Amino acid sequence: MDSSIWGILGIIVLGCGLYGLRGFGEIKKGGQPNLSMLIGQEYETAKPEVREEFLRKTAPVLLIFSLASTVYGVIDFVHCFVRSMPIADTAACIVFFIALIVFVVFTSKLRRSYFGKG
């Protein structure tokens, strides 16, 4: 077990994943989630029709990122505080970072096309 700073970071990643899953659920219900922390501040000030289209296009990648974050957070928590499992933790970390890069690239491209910013 490794109860270093990595365990705390795993808990933060888990929280981020749960926050994203909550936001994705709100998107699917037709609501307007507060996702400015994940997809940018300019989203909050956009026109409602632009926000809806932007949300519709970012929802799948938000789900993928949120699931990867949640799974990695749980695995890292178990690895750091319950039972050491370095191979599973490393594999989950790699998948998480790939999902993070895809999320950042995809939302940055959409942000530029919808809001003119990167």
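Just so it is clear, the structure is predicted and the values come from calculations on it, not from any experiment.
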For a side chain to side chain contact (heavy atoms under 4.5 Å, CB included) with Y72, tell me which candidate from L100, D89, I94 qualifies.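 The side chain to side chain contact (heavy atoms under 4.5 Å, CB included) with Y72 is passed solely by D89 among L100, D89, I94.
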Point-to-point distance, once rounded to the nearest 0.5 Å, from [atom1] of [X] to [atom2] of [Y]:
X   : Y   : atom1 : atom2 : value
L62 : S69 : CG    : OG    : 9.5 Å
S66 : Y19 : OG    : OH    : 10.5 Å
C80 : L9  : SG    : CG    : 9.0 Å
I98 : F65 : CD1   : CZ    : 13.5 Å
T70 : L18 : OG1   : CG    : 4.5 Å

Only counting residues at least two apart or in another chain, list the ones meeting ring pair (Phe, Tyr, Trp, His ring centres under 6.0 Å) with F77. F81
Taking the side chain as C-beta and beyond, is there a heavy-atom pair between C93 and T90 under 4.5 Å?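 Not touching, per the 4.5 Å side-chain cut-off.
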Side-chain touch L21/L63, heavy atoms, less than 4.5 angstrom: yes
Mind checking what makes side-chain contact (heavy atoms from CB on, under 4.5 Å) contact with [X], not counting sequence neighbours?
X    : value
A68  : A99
V61  : V102, F103, F106, T107
A59  : F24, I27
I101 : V105

Which Ile, Leu, Val, Met, Phe, Trp or Tyr residues join I64 in one cluster when any pair of side-chain heavy atoms under 4.5 Å counts as a link?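 Grouped by the 4.5 Å side-chain rule, I64 forms a cluster of one, so the answer is none.
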Does K57 have any side chain to side chain donor-acceptor pair (under 3.5 Å) partners at least two apart in sequence or in another chain, and if so, which? Y114
Linking I/L/V/M/F/W/Y whenever their side-chain heavy atoms sit closer than 4.5 Å, directly or via other members, would V78 and V71 fall into one cluster? yes
Establish whether I87 and I75 are linked, either directly or via other cluster members, by ILVMFWY side-chain heavy-atom contacts under 4.5 Å. no
Pairs flagged by salt bridge (Lys or Arg N to Asp or Glu O under 4.0 Å) wherever residues 12-21 is involved - sequence neighbours left out: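 Residue pairs passing salt bridge (Lys or Arg N to Asp or Glu O under 4.0 Å), neighbours aside: none found.
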Is it the case that the side chain of H79 and the backbone of M85 share a donor-acceptor pair, with hydrogens and angles ignored and the cut-off at 3.5 Å?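 Such a contact is found between H79 side chain and M85 backbone.
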